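Hydrogens, waters and symmetry mates play no part in the numbers below; they use all other heavy atoms, side chains included. Only a predicted model underlies this, so the values are computations on that prediction, with no experimental measurement involved.
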Amino acid sequence: MPELPEVEALAAFLRERAVGRTVSRVEVSAISALKTFDPPVSAAAGRTITDAGRRGKFLEIMLGGAADADPPSARLTPDRAGAGDGLMLVTHLARAGWLHYRESFTSATPLKPGKSPIALRVRLDDGSGFDLTEAGTQKKLAVYLVKDPQSVPQIATLGPEPLGLTLDEFSALVRKQSGQIKGVLRNQQIIAGVGNAYSDEILHVARLSPYALTGKLTDEQLKALYDAMLGTLTDAVNRSVGQKAATLKGEKKGGLRVHGRTGQPCPICGDTVREVSFADSSLQYCPTCQTGGKPLADRRLSKLLR
């Protein structure tokens with residue numbers, strides 16, 4: 001799933017490539033992906049892309065009027081109050097979604113509803129544009145055309161952005177929770193933008209078990225966790241921003257230390273990276289770095305061995 005660094009990089013790419021261009025039309029192939037109907041998606045046509053930004057894992061594209069060209073001072077920020085007189089095209093790419101920018105399209109024929117991986121296409125006035133696609137059978141990619149991003153329920157309930165938190169703010173947020181730290185880091189209503197992959201990476205850097213209970217973390221462990229969060233996300237953003245949309249996934253995988261690397265040696269201590277599987281996800285960790293050398297229980301594997 002695209003997380004904070006990748007969505008931030010996609011927004012930066014759109015700011016560089018698409019800002020100033022006018023939307024010719026928006027074509028919807030996957031009707032289920034479009035979550036709003038008022039204003040209609042046709043209202044995006046004729047509007048100029050004035051900016052692109054991010055809130056949590058949501059990509060936000062600001063659309064002004066037909067001849068609008070907002071100054072840089074109008075750029076979206078995570079704490080913006082709303083979209084003013086313009087509209088905003090908001091998307092959550094979910095687990096298998098992505099944005100593919102096209103310098104040109106091979107066909108001018110509008111998309112038709114069907115089983116294509118393309119959920120939505122935005123055509124721009126210079127012949128370029130982008131597709132929002134989703135692979136697999138679980139279709140969870142979501143697109144909203146709204147006047148105010150706060151009208152998207154999942155955005156309205158998002159927690160603060162992690163890179164804007166102080167140590168005291170972060171510690172207070174964590175101490176208010178009860179449960180395993182892995183789940184707290186992934187909870188978008190507590191901290192916005194961190195998902196399965198970067199929570200694994202943060203915990204590895206902090207040398208904490210994903211099962212560590214928030215109520216038992218010491219001040220020193222919270223400081224290590226905070227530093228790991230800032231360092232991991234900042235490094236990932238710096239590596240990602242400037243990449244083209246087509247190369248972002250590879251950049252993400254190449255920068256991960258434990259997530260998605262089950263069975264490979266830990267880059268810090270050389271121990272074998274282990275995995276715990278759940279019904280719809282998995283986590284990776286290093287026993288030596290994070291759990292005192294003890295493998296965590298994997299209930300799914302245990303059932304298979306019975």
Nearest non-hydrogen partners of [X] and [Y], listed with the distance:
| X | Y | answer |
| --- | --- | --- |
| Leu141 | Gly97 | CD1-CA, 4.0 Å |
| Val23 | Ala44 | CB-O, 3.5 Å |
| Ala245 | Leu10 | CB-CD2, 3.8 Å |
| Leu124 | Gly129 | CG-CA, 4.0 Å |
| Ala94 | Pro2 | O-CD, 3.2 Å |
| Ala224 | Ala206 | O-CB, 3.8 Å |

Quick check for you: to the nearest 0.5 Å, what is the distance between [X] atom [atom1] and [Y] atom [atom2]?
| X | Y | atom1 | atom2 | result |
| --- | --- | --- | --- | --- |
| Lys223 | Leu167 | NZ | CG | 6.5 Å |
| Met88 | Arg55 | CE | CZ | 11.5 Å |
| Trp98 | His100 | CH2 | NE2 | 8.5 Å |
| Met229 | Ile202 | CE | CD1 | 6.5 Å |
| Gln150 | Leu158 | CD | CG | 8.0 Å |
| Ile155 | Glu60 | CD1 | CD | 4.5 Å |

Polar side chain donor-acceptor pair, [X] to [Y], under 3.5 angstrom:
| X | Y | value |
| --- | --- | --- |
| Glu169 | Tyr226 | no |
| Thr48 | Thr50 | no |
| Glu275 | Ser277 | yes |
| Glu201 | His259 | no |

Cationic N near anionic O, under 4.0 Å, [X] to [Y]:
| X | Y | value |
| --- | --- | --- |
| Glu8 | Arg54 | yes |
| Asp235 | Arg239 | yes |
| Asp126 | Arg17 | yes |
| Lys140 | Glu134 | no |

Do [X] and [Y] have side-chain heavy atoms sitting under 4.5 Å apart?
| X | Y | answer |
| --- | --- | --- |
| Leu203 | Leu185 | yes |
| Leu296 | Thr291 | yes |
| Val143 | Val90 | no |
| Gln189 | Asn187 | yes |
| Val276 | Tyr211 | yes |
| Ile49 | Leu14 | no |
| Tyr144 | Val41 | no |
| Leu93 | Leu59 | no |

Donor-acceptor under 3.5 Å ([X] side chain, [Y] main chain):
| X | Y | answer |
| --- | --- | --- |
| Asp271 | Thr288 | yes |
| Asp131 | Thr133 | no |
| Thr234 | Gly231 | no |
| Gln188 | Gly56 | no |
| Arg261 | Leu256 | yes |
| Ser104 | Ser128 | no |
| Glu27 | Lys112 | no |
| Ser29 | Ile118 | yes |
| Gln290 | Leu208 | yes |
| Thr214 | Arg175 | no |

Same hydrophobic cluster for [X] and [Y], using side-chain heavy-atom links shorter than 4.5 Å among ILVMFWY?
| X | Y | result |
| --- | --- | --- |
| Tyr101 | Val19 | yes |
| Val174 | Leu213 | no |
| Ile190 | Met1 | no |
| Leu145 | Leu111 | no |
| Ile181 | Tyr285 | no |

Practice item. Indicate the ring-plane relationship of Phe58 and His92, choosing parallel, tilted or perpendicular according to the 30° and 60° boundaries. Key: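 Answer is perpendicular, since the angle exceeds 60°.
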Exercise for review: Apply the salt bridge (Lys or Arg N to Asp or Glu O under 4.0 Å) test between Asp125 and each candidate in Arg21, Arg47, Arg25; give the one that qualifies.
Suggested key: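 It is Arg21, the one option of Arg21, Arg47, Arg25 that forms the salt bridge (Lys or Arg N to Asp or Glu O under 4.0 Å) with Asp125.
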Exercise for review: I would like to know whether Val184 and Ile191 meet side-chain contact (heavy atoms from CB on, under 4.5 Å); could you show each step before the answer?
Suggested key: CA-CA 8 Å; Val184 169; Ile191 300 173; 5.6 Å; no
Point to revise | Verdict with reasoning, Val152 to Lys35, per side-chain contact (heavy atoms from CB on, under 4.5 Å) | key: CA-CA 9 Å; Val152 178; Lys35 305 302 182 184; over 6 Å; no
Check your understanding: Checking side-chain contact (heavy atoms from CB on, under 4.5 Å) for the pair Tyr198/Leu4: CA distance, chi angles, key distance, verdict?
Key -> CA-CA 9 Å; Tyr198 287 107; Leu4 184 157; over 6 Å; no
Practice item. Kindly determine whether Leu89 and Val146 satisfy side-chain contact (heavy atoms from CB on, under 4.5 Å), including the steps that lead there. Key: CA-CA 7 Å; Leu89 185 68; Val146 294; over 6 Å; no
Check your understanding: In terms of heavy-atom contacts, does CD of Glu16 have more than 12 from other residues, nucleotides or ligands at under 6.0 Å?
Key ->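 Incorrect, the count does not exceed 12.
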Point to revise | Crowding at NZ, Lys139 (>12 non-hydrogen neighbours, <6.0 Å) | key: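 Counting other residues, nucleotides and ligands, NZ of Lys139 exceeds 12 neighbours.
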Exercise for review: Would you kindly check if the NZ (Lys) or CZ (Arg) of Arg102 is within the cone defined by 45 degrees around the ring axis of Phe130 and under 6.0 Å from the six-membered ring centre?
Suggested key: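 Checked: cation-pi criterion not met.
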Review point. With Asn196, which of Arg95, Glu3, Lys182 fulfils side-chain hydrogen bond (donor to acceptor under 3.5 Å, both in side chains)?
Key: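 Only match with Asn196 under side-chain hydrogen bond (donor to acceptor under 3.5 Å, both in side chains): Lys182.
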